[in-house]
Amino acid sequence: MLGSWTIDPCPPHEARALAEALGVSEVTASVLARRGYGDPEAARTFLEGALPGHDPFLLGDMAVACETIRAAVAPGKRICVHGDYDVDGICATTLAVMAFRELGAEVEWHLPSRFDEGYGVSAATLDRLAAEGCGLVVTVDCGITAVAEVAAAKANGLEVVVTDHHRPGETLPDCPIVATRPSGYPFPELCGTGVVYKLAQALLGADAPFLDRHLDLVALATIADVVPLVDENRALAIAGLRALQSTQKRGLQALMRTAGVDAAAVDAGAVGFRLAPRINAAGRLGHPRAALELLLTDDVDDARRLAAELETLNRDRQMVEERIRRDAIAQIESWPEPWRRRKGYVVASADWHEGVIGIVASRLVERYNRPVVLIAGGEDAWKGSGRSTTSFDLHGALSACSEYLERFGGHRAAAGLSIRPERVEEFAAAFAAHAEQTLGEEDLTPLTRIDAIVPASALTLELAAELERMAPFGLGNPAVTLLASGCELTDLSTVGEGKHLRFRVRQGGRDGGSAIGFGQGGQLDRLRRIGRYDIAFRLQENHWNGTVAPELVVKRVFDEDERMEELRARLAAQWKGEAPRTPEAEAIFAELELEPGTAAKRSLLESPTFRALLAREEPPLAAAA
């Protein structure tokens, strides 16, 4: 079996009641209940995705920050927005520049180069801005750890307001701070652009037309920065995707054309896999200036030129990324066995490009199912970028190993660092030791979380449309994963030069439709064996040659789970009267309208109660002593 799957319990009566209250299928209701939306009102609020109306003035020092900004705007002081070089930092900079212009401010911007300045606020940059007569610097998506830098800026007469969403250190900068932590704000998971959106809301008023006009930037950043797509983030992403479909920004229009994205159908997938990588490419391989200018421009020709520039940079990024990925895998595969068994990997090379190591780290986490830090060489301190699994706090791990690092920052799932080359090996050992203490063997086994077990007969276009109401999907709200059990696979073949797997699903003699497994072509021979399999998949509409049909987008194909086979056999025995029936078994037969010894009116596998029993870690039908 390739990994394993798990599912949380969901009592059938709860799913039925929720389905009736919402007017949805029991499958959709059980998914909502398993994700914590068992209360009809909570589920309805989630599906509607309306903005929750959280008060922006609860976010850190919002009132003081607004006073400071207005006090700078009134006499015409120069304001500089200091951002970051990723999608969130670039969108936050764009939004802040536009908001301050809306107030009538004289505003400029600064984005650091990944290669010259590195992440965050540098003292040299603040010194330069002070010398050039800037009166106020507003940081976006950075600055929460810039304690010394802010102190030096204030000594030079430069005021600073910090807006950020990253984890703070033990000491905070001595200036107004609008940040998700520390804060009394009810939803601390906003991205950097989301924080700036709340700042604009406080400065301009909750009903300002400006806010609706620029929700496209907020959605772009929220999805790209992989923050949890729940609560306010979900609402901002939904509203922002609608705004993106009709955006008036010349740069976004040009970017969608270049990336081959249909504006009328843009979704979270298009943002995460097509638009965001192109914006990020500027900061990864060069300077993020081109991406910011693209978002700010009103000129069609400039937008076309800048989008083409990002397209070229993105192609270059893909080639560099693939070379590093192959190199990193080869390095890991060559390690001695004790290193291979480590629960956290640190991989380094003096020849790698620091701009793309974060992406490659993500690929390696998927491949090895453990936290990974990649480190690229440089002239002085080397730069590292890490990505984590859901069960491992990467920022906490770097904090535990901080004696080996020059600098680090980030959050639970992703973080960056700088390190002296002579300390890389020590850091790798310390990181692995921390992972050993934190992770169990079960944490290294790929575990697929199932949202609902469904029969083949339920895989309809109507169900696909219902589940799509839970989009946009991402961290905190992953795409719905269904499981069809005991299936036969037919018409097996590969497509896409052998990369992808295609087949049809049959269950209990019924056709369950067409399935596609992207990147799973290598499993063809394994799955040609005669037998039954459990298939974990996402149900979607497939449009082809003018027809629309349900399609299973396969995540994993498991050998049939022994738990299910055991439960099926025990139920069958009780069905035939060959074993004593527990009170719960009697309730099952009553619900299915079955008499002992009579033929089933419905397939055992397709009954809601049977699927509910399969959702439990311990089958309730214990054999009699």
Side-chain angles (χ1 to χ4, degrees), residues 83-94 111 113-115 119 141 191-193 216-227 229 237 240-241 244 247 249 251-263 265-295 303-326 328 352-367 374 376 385-387 413-414 416 472-475 479 518-519:
D84 188 25
Y85 42 66
D86 66 358
V87 175
D88 189 19
I90 292 167
C91 289
T93 304
T94 305
L111 293 179
S113 162
R114 182 190 296 266
F115 312 103
Y119 170 77
D141 195 35
C191 68
T193 306
D216 46 10
L217 294 174
V218 184
L220 186 57
T222 298
I223 294 166
D225 212 50
V226 199
V227 290
L229 289 182
L241 285 171
L244 193 55
T247 184
K249 292 183 176 63
L252 288 177
Q253 291 171 347
L255 185 68
M256 284 190 277
R257 283 193 297 271
T258 303
V261 172
D262 179 2
V266 64
D267 58 11
V271 169
F273 296 106
R274 303 196 69 79
L275 302 183
R278 285 162 171 80
I279 295 174
N280 264 330
R284 292 192 183 281
L285 296 189
H287 195 282
R289 181 186 304 108
L292 181 64
E293 290 175 349
L294 177 76
L295 297 182
R304 189 181 299 116
R305 173 183 58 80
L306 290 163
E309 183 178 336
L310 295 187
E311 183 69 21
T312 300
L313 285 169
N314 190 54
R315 288 199 198 100
D316 293 342
R317 186 270 306 169
Q318 290 171 325
M319 290 189 290
V320 173
E321 175 192 328
E322 179 60 18
R323 179 182 63 80
I324 294 175
R325 187 189 69 84
R326 291 175 181 273
W352 290 345
H353 193 297
E354 69 179 77
V356 300
I357 53 176
I359 310 174
V360 179
S362 296
R363 304 286 184 266
L364 297 184
V365 170
E366 294 171 3
R367 184 183 180 97
L374 257 63
S385 187
R387 298 294 184 270
F473 300 115
L475 182 68
F518 293 107

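These numbers come from a predicted model, not from an experiment. By convention here, the first residue in the shown sequence is residue 1.
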Thr247 and Gln253, any side-chain heavy atoms less than 4.5 Å apart | yes
When rounded to the nearest 0.5 Å, the distance separating CG of Asp262 from CG of Asp267 is 10.0 Å
ask   = Is the closest side-chain heavy-atom distance between Val320 and Arg284 below 4.5 Å?
value = no
- prompt: So do Leu295 and Leu255 actually touch side chain to side chain, heavy atoms under 4.5 Å?
  reply: no
inquiry  = Could you check whether any side-chain N or O of Arg278 sits under 3.5 Å from a backbone N or O of Arg274, counting only pairs where one atom can act as donor and the other as acceptor?
reply    = yes
Note: Ala237 and Ala219 closest approach over all heavy atoms is O-CB, 3.9 Å
Closest heavy-atom pair, Phe115 versus Leu285, reported as atoms and distance to 0.1 Å, is CE1-C, 3.9 Å
Side-chain contact, heavy-atom cut-off 4.5 Å: Val266 with Val271? yes
Between the CG atom in Leu275 and the CG atom in Leu244, the distance rounded to the nearest 0.5 Å is 6.5 Å
Taking every heavy atom of Leu241 against every heavy atom of Ala268, the minimum-distance pair comes out as CD1-N, 4.0 Å
TODO: For side-chain contact (heavy atoms from CB on, under 4.5 Å), just list the numbers for Leu220 and Leu252, CA-CA rounded to whole Å, side-chain angles, deciding distance to a tenth of an Å, and then say yes or no.
DONE: CA-CA 10 Å; Leu220 186 57; Leu252 288 177; 4.0 Å; yes
Nearest heavy-atom contact between Arg387 and Ser362 is CG-OG, 3.2 Å
dist Arg304:CZ -> Arg257:CZ (nearest 0.5 Å) comes out at 6.5 Å
Heavy atoms of Asn314 and Pro277 approach each other most closely as OD1-O, 3.4 Å
CZ (Arg317) and CZ (Arg315) are apart, to the nearest 0.5 Å, by 12.0 Å
Between the OG1 atom in Thr93 and the CG atom in Asp141, the distance rounded to the nearest 0.5 Å is 8.0 Å
Problem - 4.5 Å side-chain heavy-atom contact, Arg363 and Glu321 - result: yes
Rounded to the nearest 0.5 angstrom, the CG-CZ distance for Leu374 and Arg325 is 12.0 Å
Practice prompt. List the steps, then state whether side-chain contact (heavy atoms from CB on, under 4.5 Å) holds for Val227 with Asp88.
Written response: CA-CA 11 Å; Val227 290; Asp88 189 19; over 6 Å; no
Residues Cys191 and Thr222: closest non-hydrogen pair is SG-OG1, 3.6 Å
- Query: Between Thr258 and Leu310, is any pair of side-chain heavy atoms under 4.5 Å apart?
  - Reply: no
